[in-house]
Every structure is written in C-alpha cells, then in structure tokens.
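One structure below.
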Amino acid sequence: MTALLRFLSLRRRSIAVRLAVSAFLASSAILLIAAWILTTLYRENTERAFDSRLLVFANNLATDLVSPADPESRSFSLGDPRFDLPLSGWYWQVGRPDARPRDLRTSRSLVGVPLKPATDPDNKAGVGQIRQGYGRAQDDRQLRIIERDVDLGEEGRYTVRVAGPADEIVNDVDRFRFSLYVTFGLLGLSLAITTLLQIRFGLLPLKKMRAALGTVRRGEADRITGSYPSDIAPLAGEINLLIETNREILERARTQVGNLAHALKTPLSIIVNEVGAADAPEDLSQKIREQAAVMRDQVNYHLDRARAAALAGTLGTSTEVEPALAGLVRTFGKIYRDKDIAYEVHVPPGLRFRGERQDFEEMVGNLVDNASKWAHGRVAIRAEAVDTDDYPHLLLSIEDDGPGLPPDARKAVLGRGRRLDESKPGSGLGLSIVADLAALYRGRFSLEEAGLGGLRAVLEVPGDAPAGAATH
C-alpha cells in the first residue's frame with residue numbers, strides 16, 4: 001500500500017493514471033467481495049446437497065428401526081458398499097443416546113470407535129429434528145455428520161447418525177474457487193484492458209488540444225483549431241481568446257516602445273548635428289558627442305529590454321536555431337576576417353528557440369562577438385535540447401581559445417557597462433544584455449572555464465527539440 005501511495009504521489013498530475021488506479025482498486029474490491037460471497041454461497045449449497053444424501057441414508061436406517069421386529073434382532077442395511085469398507089469415511093450408527101459402545105449398532109466400516117455427536121451434547125434437539133455438523137473420525141479424518149432422533153414409544157428413543165467424508169465438500173469447493181478465480185481473473189483482465197481503452201479514448205480530445213497548443217507555442221499556428229466535445233470546447237475558446245488578447249497587448253506594447261524610441265533618438269540626433277554645425281569648442285563638441293552616444297546606447301539598451309520583456313514567452317513565437325546561427329557566424333567571420341577565426345558549429349537540425357528571432361540574435365550575437373574579440377583562432381558553438389521539470393530548454397554554449405577570465409572577474413564582467421579591458425571596442429553592455437534577456441525568458445546565463453582554454457558562455461533558454469529527437 002505504501003508503494004502504491006508513493007506511485008500515486010509521483011504521478012499525481014496524470015489524469016490517466018488516477019483513473020486507471022481508481023478503476024483498478026474499485027474493480028479489484030468488487031471482484032474480491034463477489035468471489036467471497038459466491039464461494040460462501042456455493043459452500044452452503046454443497047453442504048446442503050451432501051446433507052441431503054446423508055439424510056437419505058439416515059431415513060433408511062430410521063425406517064428399519066421402526067419396523068415391527070425385536071430391537072436387538074433388527075437388520076440394518078443401506079446397500080452401499082462404502083459402509084462395509086473399513087475406515088472408508090462412510091459410517092452409520094444406531095443406538096440409544098446413553099448406550100454403551102458395545103450396545104451400538106454400527107456399519108462395518110466403523111471399526112471400534114463410535115461416532116461422536118455432530119453437535120454439542122448440551123444442544124438438545126426435539127425428537128425427529130435433524131442435526132448436522134462436522135466431526136473427526138478415529139483416523140483424524142474430517143467428517144460431515146447428520147443425525148436425528150427416533151422415538152419408538154415404549155422401546156425408548158434412538159439416535160440415528162450417518163457420516164460421510166468432508167473431503168468431498170472441501171474438494172468440490174476448492175474446484176469451484178479455482179474456476180471462479182480463473183474466471184474473475186480473466187474478467188478483471190478484460191475490465192482492465194477495456195478501462196485503459198476507455199481512458200485512452202476519453203482523453204483523446206485533451207491530447208489533441210495539447211498537440212494544438214504545442215503548434216501554437218512553436219509558432220506553427222495562431223490559434224487552437226479543430227472540433228472538441230462540449231465539455232472542453234469552452235476551454236479551447238477561452239484559450240484562443242487569451243492568445244488573441246495577449247497578442248493585442250504585445251502589439252500595443254511594441255508600438256509604444258517604437259514610438260518612444262523614435263521620440264528619444266530624434267532629439268539626440270538633432271543635438272549631435274547641431275553641435276557639429278555650431279562654432280563650439282572642439283573639446284565641448286567631442287564631449288557632447290560622447291555623452292550623446294552613451295545616451296543613445298543606454299536608450300537602446302533599455303528600449304530593447306522593455307521590448308523583450310513585453311515579448312518574452314509570447315505564445316506562437318519561435319526561431320529556428322540553425323539558420324540564425326549560420327547567419328551570425330557569417331557576419332562575424334567577415335567582421336573578424338583579419339583574425340582568421342575557425343568557427344565550429346554543432347546544432348541539430350530543427351532545434352528551435354521559443355522566442356523572438358531578434359532577441360535570439362541579440363543574445364547569441366553578443367556572445368559570438370565577445371568570443372571572437374578574445375579568441376586566438378577558434379570559437380566553438382554547440383546547441384542541444386534539454387528536458388526539465390517545467391518545459392524543454394535550449395542549451396547553447398560558446399567557447400573560445402582566448403586568455404579566459406578568473407572566477408572573480410566573471411562575476412564583475414556581468415555588471416552593466418563594466419569593461420575589464422578598455423582596449424577592446426564596445427559599450428560594455430553586451431554580456432549584461434545577454435543576462436537580462438535570459439532572465440526575461442526565465443532562463444540562465446553563466447560564464448565558465450572553456451575546454452579550449454578560454455571562456456565558455458552557457459546560455460539556457462526555452463526551446464523545442466526537433467520532432468522525434470531525444471532530449472537530455
């Protein structure tokens with residue numbers, strides 16, 4: 001029982017398992033109770049049938065007993081050879097209730113020891129009433145015994161007792177029980193198979209809806225399509241309404257972010273142009289241009305972060321990893337042509353990132369750019385699908401053969417705008433952008449020591465494995 005409860009707790013989210021286990025427990029209980037009731041009834045019927053056979057012999061003996069002959073010279077014969085075979089298990093006995101063993105008339109099969117009463121001696125039955133029960137023979141064999149009293153008036157009262165082997169009852173009941181268990185076992189197996197088929201058939205609409213949601217999540221469909229039973233059709237409609245509402249909210253957020261970007265970048269561009277056209281000191285012009293560039297970078301950073309926050313986890317949005325990585329590798333191969341970097345890319349076909357392509361290229365582009373800056377000649381890029389408790393993830397690692405970073409510097413470099421080497425170009429926001437975008441997608445980003453000797457960037461974000469591929 002403990003193991004069953006543990007199993008139920010492990011699979012508590014599965015409707016099919018709960019239905020199957022509850023049906024199994026209910027069916028098992030019903031079949032066991034029915035088997036016990038039927039076995040009990042069959043035993044009682046078998047005992048009654050056996051008692052009827054013994055009663056026929058007892059009545060024959062009673063008939064001989066009441067014949068008009070001297071009690072001592074009466075002849076008792078049942079015509080059954082089993083009563084003549086010593087210790088056969090079939091016995092009869094006639095005598096007064098208080099008679100001594102030598103005064104009893106018995107069958108030849110009963111050797112030496114008289115039959116004991118079938119009931120307790122204190123249980124006094126009326127004359128002519130039937131008593132039955134179980135007893136033991138002299139060879140310790142269990143017997144089924146039936147007895148009755150016959151009143152001969154002046155001659156007194158006699159007890160007629162007939163016994164037969166109880167093995168016949170036991171064996172008959174055992175055969176019935178075995179047949180019953182086999183029948184109920186086959187019936188239980190049939191019920192189990194039927195229940196599993198019913199559960200599978202009954203849950204098909206939910207499986208269909210789950211597949212439809214998967215197509216929406218992977219971006220292959222805009223809404224849940226298909227016909228569903230009246231029980232879950234409203235659920236499909238509510239999910240479609242939620243998807244449409246979410247899409248409308250995101251479109252409004254995207255429009256507002258674009259308007260804000262335009263409203264901020266246009267004045268910055270005017271300031272930079274006016275400073276260049278005005279007769280301002282060169283030092284002042286250069287300072288204003290530098291600060292304007294910093295402001296533009298910060299505006300772009302926060303606007304991108306706001307846009308990503310609005311779009312992260314959007315249903316129906318996905319990006320195929322292989323072509324996106326191929327484009328980035330071609331781009332950075334041209335940018336760092338003078339370093340002659342060898343890019344090693346290992347990506348299974350069909351692997352997808354569950355999010356906007358722009359966000360994927362923003363994260364991976366920053367990592368490939370950073371690796372290309374510091375690499376001596378090799379950059380390795382690997383992507384694979386991993387399965388977690390919540391949902392599938394895309395695990396992507398980018399490593400280089402550069403100088404690497406000590407553990408304390410890896411934490412510091414993730415700080416916003418923090419640059420450990422001012423000799424390299426850039427704003428210093430790249431890795432912090434990656435960390436922020438990964439967090440928005442409920443993923444993880446970390447820096448480790450690379451097998452190539454440099455730095456290894458590990459990015460884990462929501463993703464989907466190719467159809468039919470195994471996840472790790």
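On a predicted model such as this, the values are computed, not experimentally measured, just so you know.
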Test side-chain contact (heavy atoms from CB on, under 4.5 Å) applied to R200 and L196, step by step:
CA-CA 6 Å; R200 184 177 181 85; L196 292 177; over 6 Å; no
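- A salt bridge is defined here as a Lys NZ or Arg NE, NH1 or NH2 lying under 4.0 Å from an Asp or Glu carboxylate O, and E168 with R53 meets this definition.
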Would you check, one step at a time, whether the test side-chain contact (heavy atoms from CB on, under 4.5 Å) holds for S28 with L25?
CA-CA 5 Å; S28 299; L25 293 178; 5.9 Å; no
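- Looking only at side-chain heavy atoms (C-beta outward), L242 and E238 stay at 4.5 Å or farther from each other.
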Trace of the salt bridge (Lys or Arg N to Asp or Glu O under 4.0 Å) decision for D172 with R43:
CA-CA 9 Å; D172 199 9; R43 175 184 290 277; over 6 Å; no
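- For the pair F353 and M363, the minimum side-chain heavy-atom distance is below 4.5 Å.
- No donor-acceptor pair closer than 3.5 Å links the side chain of N366 to the backbone N or O of V434.
- By the 4.5 Å heavy-atom criterion applied to side chains, V173 and Y42 are counted as neighbours.
- Panel note: side chain K208, backbone S227; a donor-acceptor pair is recorded below 3.5 Å.
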For R82 and D80, run salt bridge (Lys or Arg N to Asp or Glu O under 4.0 Å): C-alpha distance rounded to whole Å, both residues' side-chain angles, the deciding distance at 0.1 Å, then the answer.
CA-CA 5 Å; R82 292 176 296 182; D80 193 324; 2.8 Å; yes
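- Judged purely by atom type and a 3.5 angstrom limit, S88 uses its side chain to pair as donor or acceptor with the backbone of L85.
- Considering CD of Q138 and OH of Y91, their distance stands at 6.0 Å, rounded to 0.5 Å.
- Residue R177 places its CZ atom among more than 12 non-hydrogen atoms of other residues, nucleotides or ligands, all under 6.0 Å distant.
- The closest donor-acceptor contact from the side chain of N240 to the backbone of I224 lies under 3.5 Å.
- Here the straight-line distance linking atom CD of Q93 with atom OG1 of T159 works out to 9.0 Å at 0.5 Å rounding.
- Atom CZ in R378 sits 13.5 Å away from atom OH in Y343 (nearest 0.5 Å).
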When you look at R354 and V461, which way does the side-chain contact (heavy atoms from CB on, under 4.5 Å) test go after all the steps?
CA-CA 8 Å; R354 206 182 314 145; V461 288; over 6 Å; no
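- Counting only heavy atoms from C-beta outward, the side chains of V386 and L394 never approach each other to under 4.5 Å.
- Annotation: side chain of L19 is not in contact with side chain of F24 (no heavy-atom distance under 4.5 Å).
- Inter-residue side-chain proximity for R18 and I15 is flagged as met; some heavy-atom pair is nearer than 4.5 Å.
- Scored by the side-chain contact (heavy atoms from CB on, under 4.5 Å) test, A23 finds T195 as partners (sequence neighbours excluded).
- In this structure, the separation between CG on L104 and OH on Y158 is 11.0 Å, given to the nearest 0.5 Å.
- The backbone N or O of H393 lies less than 3.5 Å from no partner atom in the side chain of E460, so there is not a single donor-acceptor pair.
- Residues I398 and V458 fail the side-chain proximity criterion, which asks for heavy atoms closer than 4.5 Å.
- For the pair E47 and I169, the minimum side-chain heavy-atom distance is below 4.5 Å.
- Under the 3.5 Å distance criterion, the side-chain polar atoms of T319 are matched with a main-chain donor or acceptor of R357.
- Considering CZ of F184 and CG of L191, their distance stands at 10.5 Å, rounded to 0.5 Å.
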Full working for salt bridge (Lys or Arg N to Asp or Glu O under 4.0 Å) between D400 and R456:
CA-CA 7 Å; D400 59 71; R456 180 173 183 258; over 6 Å; no
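- Stacking of R144 on the aromatic ring of Y134 is recorded, both the 6.0 Å distance cut-off and the 45° axial limit being met.
- Around CD of E320, the count of heavy atoms belonging to other residues, nucleotides or ligands within 6.0 Å exceeds 12.
- Annotation for R48: atom CZ counts as buried by contact number, over 12 foreign heavy atoms lying within 6.0 Å.
- Between the side chain of Q132 and the backbone N or O of D51, no donor-acceptor pair lies under 3.5 Å.
- To the nearest 0.5 Å, atoms CD1 (I130) and CG (L55) are separated by 5.0 Å.
- Residues A137 and L143 share a closest heavy-atom pair of CB-CD1, 3.6 Å.
- Two rings, from W90 and F50, have their centers less than 6.0 Å apart.
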